[in-house]
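In what follows, chains carry the letters A, B, and so on, assigned in the order in which the sequence lines appear, proteins first and then strands, with residues in each chain numbered from 1. Everything quoted here is computed from the prediction, not taken from an experiment.
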Amino acid sequence: MTELPKRYDPKSVEPKWYQRWMEDRDFVANPNSSKPPFSIVMPPPNITGVLTLGHVLNNSIQDILARRARMQGFEVLWLPGVDHAGIGTQTAVEKHLRRTENKTRHDLGREEFLRRVLEWQDKHGGIIIEQLKRLGCSCDWSRERYTLDDAYVAAVQNVFVDLYRKGLIYRGRRMINWDPAAQTAVSDEEVISKPQKGNLYFVRYEIVEEPGRFLEVATTRPETIMADTAMAFHPGDKRYADLLGKHAWRPLAREKIPIIADEAIDPEFGTGVLKVTPAHDALDFEIGQRHHLPIVDVLHPDGRINCPAVPELDGLDRFKAREKAAELLQTMGALAKTEAYENNVGFSDRSDVPIEPRISEQWFLRYPKTKDALAAVRDHLIRFFPPHWEKVYAQWLENIRDWCISRQVWWGHRIPAWYRKSQAPNSNSQNDEKIYVGINPPADAENWTQDSDTLDTWFSSWLWAYETMDEGTRKKFYPTSALVTAPDIIFFWVARMIIAGLEFKPGKSDRMEDNIAFRDVYFTGLIRDKLGRKMSKSLGNSPDPLELIDKYGADGLRFGLMRIAPRRQDIRFDEKQIEEGRNFATKLWNVARLRQMHGTSDVAPKIDNQTLSIYALELLARLNETIDAIEAAYREYQFNTVAQRIYDFVWSDYCDWFVEAAKTEIFGSDEAQKKSALAVMDFVLSAILRLLHPFMPHITEELWSLLDLGESSIQFALPPEKIRLDDVLDLTGKRQLVSAIYQTIQAGRNLRAESKLSSNRKIRFILRTGEKLISSQIPTLRRLLNAEEVELDPKYQAPAGNPVAVTPLGEIFLTVAAADRAGERQRLDKEIARIEVEMRAAEEKLGNQSFVDRAPAAIVEEHRQRLKGFSVQLEKLKHAREGLN
RNA sequence: GGGCGGUUAGCUCAGUGGUAGAGCAUCUCGUUUACACCGAGAGGGUCGGGGGUUCGAAACCCUCACCGCCCACCA
């Protein structure tokens, strides 16, 4: 046995153990094991990302599940990996290029640019993996995967080709969300609507057939007027009925446009007239389709106006052009008025610029298996924690629309489609003979051009649950046991992964439960700062987890975070909570030191129920309760409850009460008693370490090893089981006695403090009680009260002014010359008043016949007992009070 | 517009029908042979408002207010 250093030093202990675990290959999963499987796939962080608190929360939870399962005897696979993050990584490299070389990716060309991305990836990639190791994550690193691994790329392409052949992937010219900053299409899920302050412009369009008469329209986007190809009102709108079939003069790029009627127009909004701009608005596009309107596109891909017919606007940025267009309209007298207006505008999740609805030829996916995906969750083949996310999931699936999967980005999975060279890649034609889709290039490759686009990153991530595994691994570990992720990617990833599992899992069976990607999904909360703001780089309010690990240790960080791990949406982060985690580690360390100072621990301490002290029985009973509570909390993924229960048990039940009480025996001269107390300390400490190991892997392993509590690593020690106490004679009575003793101690300490006696002053207490069993407990009472003496005197006649408190054992007196009779009088009056209030409440309750008749008997009886107790206490206190007069 | 969460001590949050809790913060005392990253004690709450159900509501129902999130083609 090595002696424990005075202070726990996570900086040396944590890396030491992590290295050992890696060397021993403790995290490596064996698909041929006979143990039952437990598996988790890690949500892959971006390859060039750095660790955030969100990752810490997520991965700590996964590690807890993995480590607990290992202890329970499961063969555990926790499969880690990283994501190539198409748009994100490309944007970062482009930014870097612009800053350092003032070049765009087009200046370099595709090949050279991709080389630069690889360079960037080599430099910044994999940092996050090292950071996860510092957190203590027990992933099988030998299986680390990347969404651009050769095999993974092939799998993505296979799926694309397969879906194309099934007719579920198609190419089409449709309205999509265009990100003018990243210059790519994005999916509906990547558009975030935000309220935006702007203006509502009321523009007058002159009627061609009735010069001098105007049609007024309210618009937020006057810069798109040149793309208007009709004016529209609701068919039932009498105000404009006579204009149907006539024409209006478009004020910018002057042209005649038809006036039409369409159900989609809201007569209540603005003037009830809509300017129809099919090229730049989704609703207008639909109206245009219904009325066969031409489509006029007046925007460049980067968001500048493309309209030589109006030179004042041509080439201007869309927001500049908006102001300029309003000016132009003003000058020509076409602007009736301008109102300040706030509306919702779609922003790109990636670039944070307003999305431009745009017609574009893209690849789309019609989702397969949506009904099955819905059923899998509804019927709880897949369970969500907390369950209210089921509804969010269902709503998305019920309203699902085709997924735009092509991105005008170079970094990613290139679309395995080729176009015959005579065929312009972006033409309208959908003649299949001119498109070739396949894993390999067409035989006469020189006559074909490959599609220049790549696939949405999520189109590769949605295969993550099984394409990261080879066949043998899949056989053992798929479906995965649990998925831990943040709710903001429930659509991006979770839902799509469920669909992918149902549709393509290799070796799919007829039973849906074999194909689902995972059985349980635990959604974590979002970590916010103290003020409730989202953590963000721009706000600079996101603490660096590595700094927190340096300051508090990985275990401290993990435990602190898990204690506040939410069951609802948000967590407010406060470094104080991490500090508490660190303090808890220190507390644990110190109680272990205390134990170690009294000799070697026993690997299998013998607990003899018949000779245990009453304090030990109480502790063991509470350990049993704690184990039950923890089991129940794990079943519901309530990590905060697990952490809190362990915390309370260790700090309060074990350290503050049991260990302090047991010191009587530990420091005593009775060897048998001493041995018994130490055995209980060992037994419970061993249980504590095992309960805590999933949360605090390093310190528990260190103590396990230093105290020689087990033969091998704590990682594979069985979780503690409840100890049988049913053969203990009158356990309930003994526990009641302990409770009475503890209450008496608290009353005595209170007496001391209220009497303004300093904590360290040795004083005498007198206990007036009829309780026979108490005499043997006097040394313990003395220790816990820090008393010179605790005297037992069943017939004690208290002198006037003697401070007294009523306890379940009787009364406890402080034998000090009553320096302050007035203060004592005041104290007693307060106490008497309090009890009188409670007594009246109890009396009232019992006087209520309905209560007595209808409440459960046990509760009524409890009230009776309380009332009885109060009257006894009151009598004694009043007696004491009289002595002070 | 629809949906989902939330509102409990100064702060962060537990608590789903039976005497309102924890940690932090505050105040008092303390170098009591594990721990000042500690120990002991104390103060502090008409559980967002209003109605209802019930013998009994922080909890269940209705309603209102405010905060947050998600979804939605009112230009």
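One P atom belongs to G17(B), the other to G1(B), and the distance between them is 35 Å to the nearest Å. Rounded to a whole angstrom, the distance from the P atom of A40(B) to that of A22(B) is 13 Å. A58(B) and G21(B) have their C1' atoms separated by 12 Å, with the value rounded to a whole Å. Taking atom P in both A36(B) and U31(B), one finds a spacing of 13 Å when rounded to whole Å. Here the separation of C4(B) from A57(B), taken at their P atoms, is 27 Å to the nearest Å. Look at the P atom in both G68(B) and C13(B): the space between them is 14 Å, to the nearest Å. Between the C1' atoms of C67(B) and U28(B), the separation comes to 38 Å (whole Å). Using atom P as the reference point in both A59(B) and C47(B), the two lie 9 Å apart (nearest Å).
When ring centroids are compared, Tyr522(A) and Phe385(A) stay outside the 6.0 Å threshold.
For Glu660(A) and A40(B), a side-chain-to-base donor-acceptor distance below 3.5 Å is absent, hydrogens and geometry of angles not being considered.
Between Glu575(A) and Tyr552(A) the shortest side-chain heavy-atom distance falls below 4.5 Å. Residues Tyr8(A) and Thr586(A) are not in side-chain contact: their nearest non-hydrogen atoms beyond the backbone lie 4.5 Å or more apart. With a 4.5 Å cut-off on side-chain heavy atoms, Asp228(A) and Val217(A) do not count as touching. The side-chain heavy atoms of Thr220(A) and Tyr201(A), taken from C-beta on, include no pair separated by under 4.5 Å.
Using a 4.0 Å heavy-atom cutoff across all strands shown, Pro357(A) reaches no nucleic acid atom at all. Within the 4.0 angstrom heavy-atom criterion, no nucleotide atom of any strand lies near Gln849(A).
Between the side chain of Asp574(A) and the backbone N or O of Lys576(A), at least one donor-acceptor pair lies under 3.5 Å.
Between the CD atom of Glu398(A) and the C1' atom of G2(B) there is a distance of 13 Å, rounded to whole Å. If you take CZ of Phe559(A) and C1' of A22(B), they are 13 Å apart, rounded to a whole angstrom. Taking atom NZ on Lys674(A) and atom C1' on U33(B), their separation rounds to 13 Å, with Å as the unit. Arg563(A) places its CZ atom 14 Å from the P atom of G15(B), with the value rounded to the nearest Å. Look at CD on Glu843(A): it is 18 Å from C1' on G56(B), rounded to the nearest Å. A straight line from NE2 of His388(A) to C1' of G6(B) spans 11 Å, rounded to a whole angstrom. Taking atom CG of Leu814(A) as the reference point, atom C1' of G41(B) lies 14 Å away to the nearest angstrom. Rounded to a whole Å, the CD atom of Glu579(A) is 13 Å from the C1' atom of A36(B).
Between Lys551(A) and C37(B) there is no side-chain polar atom (N or O) within less than 4.0 angstrom of OP1 or OP2. Contact between the side-chain N/O atoms of Asn750(A) and the OP1/OP2 oxygens of A42(B) is found at a separation under 4.0 Å. The side chain of Trp651(A) places an N or O atom within less than 4.0 Å of a non-bridging phosphate oxygen (OP1 or OP2) of G39(B). Within the structure, a side-chain polar atom (N or O) of Lys391(A) is placed less than 4.0 Å from OP1 or OP2 of C4(B). OP1 or OP2 of G41(B) sits under 4.0 Å from a side-chain N or O of Arg749(A). OP1 or OP2 of U33(B) has not a single side-chain nitrogen or oxygen of Lys663(A) nearer than 4.0 Å.
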> What string of B, S and - do you get for nucleotides 70-75 of chain B, 5' to 3', when a contact is any protein heavy atom under 4.0 Å?
Replying inline: -SBBBB

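In this structure, Phe584(A) and Ile745(A) both approach RNA chain B, and ranking their closest nucleotides by distance from the 5' end singles out Phe584(A). Summary of the strand contacts: Lys762(A) and Lys576(A) both lie near RNA chain B, and taking for each the nucleotide with the nearest heavy atom, the more 5' one is attributed to Lys576(A).
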>> Working note: Phe523(A) + Phe384(A), criterion ring-ring contact (aromatic ring centres under 6.0 Å, His included); need CA distance, chi angles, decisive distance, verdict.
In response: CA-CA 8 Å; Phe523(A) 291 103; Phe384(A) 282 4; 5.2 Å; yes

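Considering CD1 of Ile646(A) and CE of Met696(A), their distance stands at 9.5 Å, rounded to 0.5 Å. Here CZ of Phe695(A) is found 14.5 Å from OH of Tyr647(A). Values are rounded to the nearest 0.5 Å.
With the 3.5 Å cutoff on both pairing distances, Watson-Crick and G-U pairs in RNA chain B assemble into runs of at least 3 at B:1-7 with B:65-71, B:10-13 with B:21-24, B:26-30 with B:38-42, B:48-52 with B:60-64.
Comparing atom distances between the Ala855(A) side chain and each of G41(B), G5(B), G18(B) picks out G18(B) as nearest. Set against C38(B), G18(B), U19(B), the side chain of Arg866(A) has U19(B) as its closest nucleotide. Set against A34(B), C37(B), C24(B), the side chain of Asn590(A) has A34(B) as its closest nucleotide. Comparing G41(B), C37(B), G18(B) against the side chain of Phe851(A) picks out G18(B) as the nearest. With C37(B), C24(B), A34(B) as the candidates, the nucleotide lying closest to the side chain of Phe667(A) is A34(B).
In this structure Lys663(A) satisfies the salt bridge (Lys or Arg N to Asp or Glu O under 4.0 Å) test together with Glu660(A), sequence neighbours excluded. Residues passing the ring pair (Phe, Tyr, Trp, His ring centres under 6.0 Å) test with Phe202(A): none are found, sequence neighbours excluded. For Glu356(A), the salt bridge (Lys or Arg N to Asp or Glu O under 4.0 Å) partners at least two apart in sequence or on another chain are Arg221(A), Arg318(A).
One finds no salt bridge joining Glu342(A) and Lys194(A) here, because no Lys/Arg side-chain nitrogen approaches an Asp/Glu carboxylate oxygen to under 4.0 Å. At a threshold of 4.0 Å, the pair Arg174(A)-Asp402(A) counts as salt-bridged, since one of the basic side-chain nitrogens sits closer than that to a carboxylate oxygen.
Residue Pro278(A) forms a side-chain contact (heavy atoms from CB on, under 4.5 Å) with just one option from Thr229(A), Ile359(A), Leu283(A), and that option is Thr229(A).
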Write down the protein N/O and nucleotide N/O pairs, taken from nucleotides 27-31 of chain B, whose separation is under 3.5 Å; answer none if there are no such pairs.
from   : atom 1 : to        : atom 2 : distance (Å)
C29(B) : O2'    : Ser759(A) : N      : 2.7
C29(B) : O2'    : Ser759(A) : OG     : 3.3
C29(B) : O2     : Ser759(A) : OG     : 2.6

